[in-house]
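Given the structure is predicted, the values throughout are model-derived calculations rather than measurements.
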Amino acid sequence: MTLHLTPLTTADARDLATLRDEVEHVDRTGLHEDETDVRQQLTDPKLDLAHHTIGLRQGSRLVAYAMVYEPERVGDIARFETAATVHPDRRRQGIGTRLVDWMRGRAEAIRAARHPGVPAELLIDGLAGDAGFAALARHTGFAPRRYWFSMTHDLRTDRLPAPGVPDGLHLTPFEPGLDEAIRHAHNDAFRDHWNHTETDRTDWDTWFTGARSFRAGLSSLLLDADGSVAAYLLADEYVADHVATGYRACTIGHLGTRQSHRGRGAARALLAHTLAEAREQQYDKAELVVDAANPTGALGLYERMGFTTERQFVTYARPLD
């Protein structure tokens with residue numbers, strides 16, 4: 001049957017959620033999303049649905065899709081992040097290659113129009129060890145660029161780390177009045193991390209403290225003596241995960257320490273506090289994703305705090321012409 005290729009719209013939220021759910025039953029990435037989650041993604045104010053998304057349909061059924069995200073504040077290189085998948089029933093039929101070709105074409109057009117002369121690369125993400133995805137990446141000119149560990153901590157049985165606050169700092173729950181100060185602390189904490197660009201107010205309100213998943217009651221701050229934000233932990237809870245697995249998970253969404261305060265145990269203090277709070281609120285586990293090559297040594301910290309690796313993901317990259 002002929003596949004029809006058209007841009008996604010907000011009306012596709014249910015179909016896209018269904019497609020991702022059917023993919024998850026096979027791929028077992030541990031990622032679950034419901035229709036509300038998908039609708040939030042499709043209403044991202046920075047996502048141009050008409051030009052930067054595509055859906056492939058077999059009749060009325062959505063069987064594949066792709067999205068290209070335009071990079072902002074480009075420095076030495078423009079990196080185009082993407083999202084895409086093909087229904088398991090329609091794999092190994094050339095659809096994945098077709099999606100990659102479309103994503104590459106869109107990224108090249110955006111680069112030519114808005115970032116001419118700047119080196120660029122296209123990024124795709126998947127589960128490490130997925131032989132089919134790895135074969136597609138190699139076939140379409142990608143090579144592994146970055147690895148990520150998905151880690152968990154069983155709050156029902158695992159021993160929790162002892163609490164403690166570094167000298168000179170004050171631990172406090174998340175305060176809405178400090179939201180903008182937290183955003184600035186985040187940009188300072190992550191400016192030396194791979195592929196980080198400054199998070200502006202729009203992205204912050206969409207994907208950080210303004211997100212449906214954000215849980216202020218599990219989030220906390222460390223303040224310096226002058227009241228400035230030295231470090232922060234922003235926690236999330238994904239409703240679709242609970243529905244799919246039966247477990248309540250406290251997700252450590254963003255944990256950062258301003259560069260001037262590193263090496264004092266700030267991250268450990270915030271993490272210990274949130275783990276204890278999550279157990280008190282009867283969450284079953286805590287989870288997070290960390291860059292395997294994180295420059296601050298976060299992977300080692302999480303291991304010492306009792307987290308264990310559950311899955312590994314890989315980011316593949318290919319240069320744009």
Side-chain angles (χ1 to χ4, degrees), residues 1-72 80-91 95-96 98-100 102-103 106-107 110 123-127 133 150 199-215 234-249 251 253-254 287 289 313:
M1 183 179 291
T2 302
L3 293 178
H4 302 283
L5 188 150
T6 57
L8 296 172
T9 71
T10 54
D12 292 312
R14 177 175 296 179
D15 289 344
L16 183 51
T18 298
L19 170 60
R20 289 179 174 173
D21 183 59
E22 291 172 346
V23 167
E24 174 58 20
H25 279 299
V26 174
D27 291 355
R28 301 294 182 184
T29 65
L31 305 176
H32 304 95
E33 297 167 313
D34 59 22
E35 183 178 348
T36 304
D37 294 325
V38 174
R39 188 174 301 280
Q40 181 182 19
Q41 296 165 24
L42 293 177
T43 55
D44 180 349
K46 293 187 177 181
L47 178 61
D48 184 345
L49 290 176
H51 299 97
H52 298 169
T53 72
I54 207 72
L56 277 72
R57 294 172 177 81
Q58 184 177 17
S60 61
R61 181 191 182 203
L62 185 68
V63 298
Y65 82 96
M67 301 176 179
V68 173
Y69 293 92
E70 182 176 348
E72 298 182 85
F80 289 82
E81 298 184 54
T82 65
T85 197
V86 178
H87 193 282
D89 292 347
R90 296 305 306 266
R91 291 175 179 172
I95 296 176
R98 186 176 179 183
L99 292 180
V100 169
W102 178 85
M103 292 188 293
R106 287 307 309 147
I110 296 168
L123 306 179
I124 57 175
D125 301 291
L127 195 63
F133 181 67
S150 174
T199 302
D200 64 16
R201 193 70 232 179
T202 298
D203 285 336
W204 192 260
D205 289 339
T206 303
W207 302 115
F208 288 73
T209 58
R212 171 201 184 203
S213 60
F214 176 61
R215 296 294 182 265
L234 304 180
D236 295 277
E237 179 182 3
Y238 294 95
V239 175
D241 277 345
H242 187 193
V243 172
T245 67
Y247 296 102
R248 290 188 72 198
T251 300
H254 305 280
E287 61 184 15
V289 175
F313 295 87

Checklist entry - So how far is it from Glu72 CD to Thr199 OG1, rounded to the nearest 0.5 Å? => result 9.0 Å
Next on the checklist: Would you compute the distance between atom CG of Leu31 and atom OG of Ser150 and round it to the nearest 0.5 angstrom?
Outcome noted: 7.5 Å
Next on the checklist: Keeping Arg14 on the side-chain end and Ala11 on the backbone end, is there a donor-acceptor pair under 3.5 Å?
Outcome noted: no
Item to check | Glu24 (side chain) donor-acceptor with Thr29 (main chain) under 3.5 angstrom | outcome: yes
Flag for [Y]-[X]: side-chain donor and acceptor within less than 3.5 Å:
X      : Y      : value
Thr251 : Asp236 : no
Gln40  : Arg212 : no
Thr85  : Arg20  : no

Minimum heavy-atom separation for [X] and [Y], please, with both atom names.
X      : Y      : answer
Asp34  : Ala240 : N-CB, 3.6 Å
Leu234 : Trp204 : CD1-CH2, 3.8 Å
Pro7   : Ala50  : CG-O, 3.5 Å
Pro88  : Val23  : CD-CG2, 3.9 Å
Asp203 : Phe208 : O-CD1, 3.6 Å
His254 : Trp207 : NE2-O, 4.5 Å

Checklist entry - Just wondering, more than 12 heavy atoms not from Arg201 lying within 6.0 Å of its CZ? => result yes
Next on the checklist: Counting only heavy atoms from other residues, nucleotides and ligands, does the tally under 6.0 Å from OH of Tyr247 exceed 12?
Outcome noted: no
Checklist entry - Where do Glu35 and Arg39 land on the salt bridge (charged side-chain N to carboxylate O under 4.0 Å, His left out) test, with the steps shown first? => result CA-CA 6 Å; Glu35 183 178 348; Arg39 188 174 301 280; 3.1 Å; yes
Checklist entry - Heavy-atom distance under 4.5 Å between the side chains of His52 and Leu8, does that happen here? => result no
Item to check | Residue pairs passing the salt bridge (Lys or Arg N to Asp or Glu O under 4.0 Å) test where at least one lies in residues 238-248, sequence neighbours excluded | outcome: Glu237-Arg248
Next on the checklist: Please enumerate all residues that pass side chain to side chain contact (heavy atoms under 4.5 Å, CB included) together with Leu5, with sequence neighbours excluded.
Outcome noted: Ile54, Leu56, Arg98
Item to check | By side chain to side chain contact (heavy atoms under 4.5 Å, CB included) - contacts of Asp15 (at least two apart) | outcome: Asp12, Leu62
Item to check | Intermediate values then yes/no, salt bridge (charged side-chain N to carboxylate O under 4.0 Å, His left out), Arg61 and Asp89 | outcome: CA-CA 12 Å; Arg61 181 191 182 203; Asp89 292 347; 3.7 Å; yes
Item to check | The single option from Leu19, Leu99, Val63 passing side chain to side chain contact (heavy atoms under 4.5 Å, CB included) against Val86 | outcome: Leu99
Checklist entry - Should Asp27 and Arg91 be marked as a salt bridge (charged side-chain N to carboxylate O under 4.0 Å, His left out) after you check the CA-CA gap, both sets of side-chain angles, and the distance that decides it? => result CA-CA 12 Å; Asp27 291 355; Arg91 291 175 179 172; 2.9 Å; yes
Next on the checklist: For a side chain to side chain contact (heavy atoms under 4.5 Å, CB included) check, start with the C-alpha distance between Glu22 and Val26, then their side-chain angles and the critical distance, and finish with the verdict.
Outcome noted: CA-CA 7 Å; Glu22 291 172 346; Val26 174; over 6 Å; no
